[in-house]
Amino acid sequence: MKILFMGTPDFARESLKALYESGEEIVAAVTQPDKPKGRGYKLCPCAVKIYAEEKKIPVYQPDTLKGEEFSSLLKSLSPDLIVVVSYGKLLPENVLEFPKYGCINVHGSLLPKYRGAAPIQRAIINGESMTGITTMYMEKGLDTGDMLQKTEVEISDNDNFETLHDKLALCGAQTLLSTIKSLKAGTLSPSKQNDNEATYAAKIEKNDCLIDFSKTAREIFNLVRGLSPLPLAFTHTPDGNILKVVSCECEKTDNMQVGVAPGTVISLDGGICVACEGGSVKILEVIPQGKGRMNAQDFVRGRKIFVGDIFK
RNA sequence: CGCGGGGUAGAGCAGUUUGGUAGCUCGUCGGGCUCAUAACCCGGAGGUCGUGAGGUUCAAGUCCCACCCCCGCAA
């Protein structure tokens, strides 16, 4: 079965890797064009491209999937199946309809929950204790296609975006293999998504990353780990500088203080304890503006943060 | 040439503007206090101030030049 793989970041690479290592016939990898990234705006190839080139899989980076150019490429590759994992663009209908066995997508949530761009982050931020992988047939809508297989993955308090992302990437790869196996065996039984239960996991914006200390410790804890290590939740120190928070923990509510404004530093013992709704959070690791990652205590040592300072 | 911050003791920082004996907090080592301590007190060790036998100077962490490295933002 000739498979065309479409995907871009690390998350997608795991699926490509699994396909490759299981001996599937991958006719090509389609990925986003190299983009100027990082300091100095150097052109950076994405994870899928790097892996594909390493394995001598032909790589294509079309600017658009619409139009003749990609259509003719499709015809020449003539895949029987297209596998899409975090590609980054919607597929036009003519592409969706091209392969004999359709287009299969690997999505990082238990659909119909968390459709959209940031299912992993949103699941953590919302305090879910369970998420997973869903494979599905693709259709016009965003993550609305008929579901094929699911694998559940537990979210523990120790998980942050990075750890959960890595787990789901591997899990996604395995679920994909399993789905393709069933496809070949003819034992797939697609099931419709219940649109009434659908939720949407919007892309993470800057606004999502600002810590609101009038929320509960648990909510702040979830936000911080859901955005760690990228793009990171942040707050502002009294001097107005941005302080990114890499990790924190919920303090026991028994050290809650009465009459202290949310965002107030109430202790520097073992970290930076900041008052919030119903308790406090202890900030453990930070990235100050213009600096690298460091322990909260190191930050306090050099920067003169005092009890009574207010973060906002 | 995207914008910007930085390289000073094991860690985090000050000192550079206005050159003149290298400092703070923490850690570490030793001693003291204490029933005890991560608490407190006293004392010590530890630095070619990124590199260049570079330039200016009586004198350079500080001013000038060149190079190397690290990081933040933005995408």
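Naming convention: chains lettered A, B, ... in sequence-line order (proteins, then strands); numbering from 1 in each chain.
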C1' atoms of B:A74 and B:C67, separation to the nearest Å:
27 Å
Rounding to the closest angstrom, what is the interatomic distance between B:C41 and B:G27 at atom P?
12 Å
Using heavy atoms to find the nearest nucleotide of RNA chain B for A:G40 and A:L232 separately, return the residue whose nucleotide is more 5′.
A:G40
Considering only the P atoms, how many Å lie between B:U16 and B:G7, rounded to the nearest integer?
13 Å
Identified pairing partner of B:C73, criterion: Watson-Crick or G-U wobble below 3.5 Å:
B:G2
Looking at residues at least two apart in the chain, or sitting in another chain, which of them share a side-chain hydrogen bond (donor to acceptor under 3.5 Å, both in side chains) with A:T134?
none
Generate the contact string for nucleotides 6-12 of chain B. Rules: B means base contact, S means sugar-phosphate contact only, - means no protein heavy atom under 4.0 Å.
-----BB
Rounded to the nearest angstrom, tell me the gap between atom CD in A:E205 and atom P in B:A74.
12 Å
Which value, in whole Å, describes the distance between the C1' atoms of nucleotides B:G2 and B:G10?
37 Å
For A:S214 and A:D212, does a side-chain donor sit closer than 3.5 Å to a side-chain acceptor?
yes
With both distances under 3.5 angstrom, what nucleotide forms a Watson-Crick or G-U wobble pair with B:C33?
none
For B:A60, the nucleotide meeting Watson-Crick or G-U wobble distances (both under 3.5 Å) is none
Between A:H236 and A:F311, is the ring centroid distance below 6.0 Å?
no
Gap in Å between the two C1' atoms, one belonging to B:G19 and one to B:C68, rounded:
26 Å
Minimum-distance nucleotide to A:K37 side chain [options: B:C73, B:G72, B:A75]:
B:A75
Whole-Å gap separating P (B:G72) and OH (A:Y41)
16 Å
Nearest-angstrom distance, C1' atom, B:G50 to B:U8:
10 Å
Mate of B:A38 across any strand shown (Watson-Crick or G-U wobble, both atom pairs under 3.5 Å) is none
Hydrophobic clusters here meaning ILVMFWY residues chained together by side-chain heavy-atom distances under 4.5 Å, can you tell me if A:I220 and A:L227 are in one?
yes
Between B:G72 and A:R39, is there an OP1 or OP2 to side-chain N/O distance shorter than 4.0 Å?
yes
Sequence neighbours excluded, every pair satisfying ring pair (Phe, Tyr, Trp, His ring centres under 6.0 Å) that has a member inside residues 207-226 of chain A
none
Mind calculating the distance between CG (A:N241) and C1' (B:G5) to the nearest angstrom?
11 Å
Just how far, in rounded Å, is P of B:G5 from CD1 of A:I287?
18 Å
By side-chain hydrogen bond (donor to acceptor under 3.5 Å, both in side chains) - contacts of A:D195 (at least two apart)
A:R115
Is there a side-chain contact between A:K42 and the phosphate of B:G2, meaning an N or O under 4.0 Å from OP1 or OP2?
no
Would you mind reporting whether A:T131 and A:L164 have side-chain heavy atoms less than 4.5 Å apart?
yes
Calculate the interatomic distance between A:N295 atom CG and B:G27 atom C1'; express it in whole Å.
12 Å
Do any side-chain atoms of residues 20-31 of chain A form donor-acceptor pairs under 3.5 angstrom with protein atoms, and if so which ones, sequence neighbours left out?
{"from": "A:S22", "atom 1": "OG", "to": "A:A18", "atom 2": "O", "distance (Å)": "3.1"}
{"from": "A:S22", "atom 1": "OG", "to": "A:L19", "atom 2": "O", "distance (Å)": "2.9"}
{"from": "A:E24", "atom 1": "OE1", "to": "A:K184", "atom 2": "NZ", "distance (Å)": "3.0"}
{"from": "A:E24", "atom 1": "OE2", "to": "A:K184", "atom 2": "NZ", "distance (Å)": "2.9"}
{"from": "A:T31", "atom 1": "OG1", "to": "A:G7", "atom 2": "O", "distance (Å)": "2.8"}

In whole Å, measure the gap between the P atoms of B:G61 and B:G55 for me.
15 Å
Separation between the C1' atoms of B:C69 and B:A39, rounded to whole Å:
41 Å
Between atom CD1 in A:I305 and atom C1' in B:U25, what is the gap in whole Å?
14 Å
Starting at CG of A:L243 and ending at P of B:G5, how long is that distance when rounded to a whole Å?
19 Å
Which residue pairs satisfy the salt bridge (charged side-chain N to carboxylate O under 4.0 Å, His left out) criterion with at least one member in residues 45-63 of chain A, sequence neighbours excluded?
A:D34-A:K49
Distance in angstrom units between A:I242 CD1 and B:C3 P, rounded:
19 Å
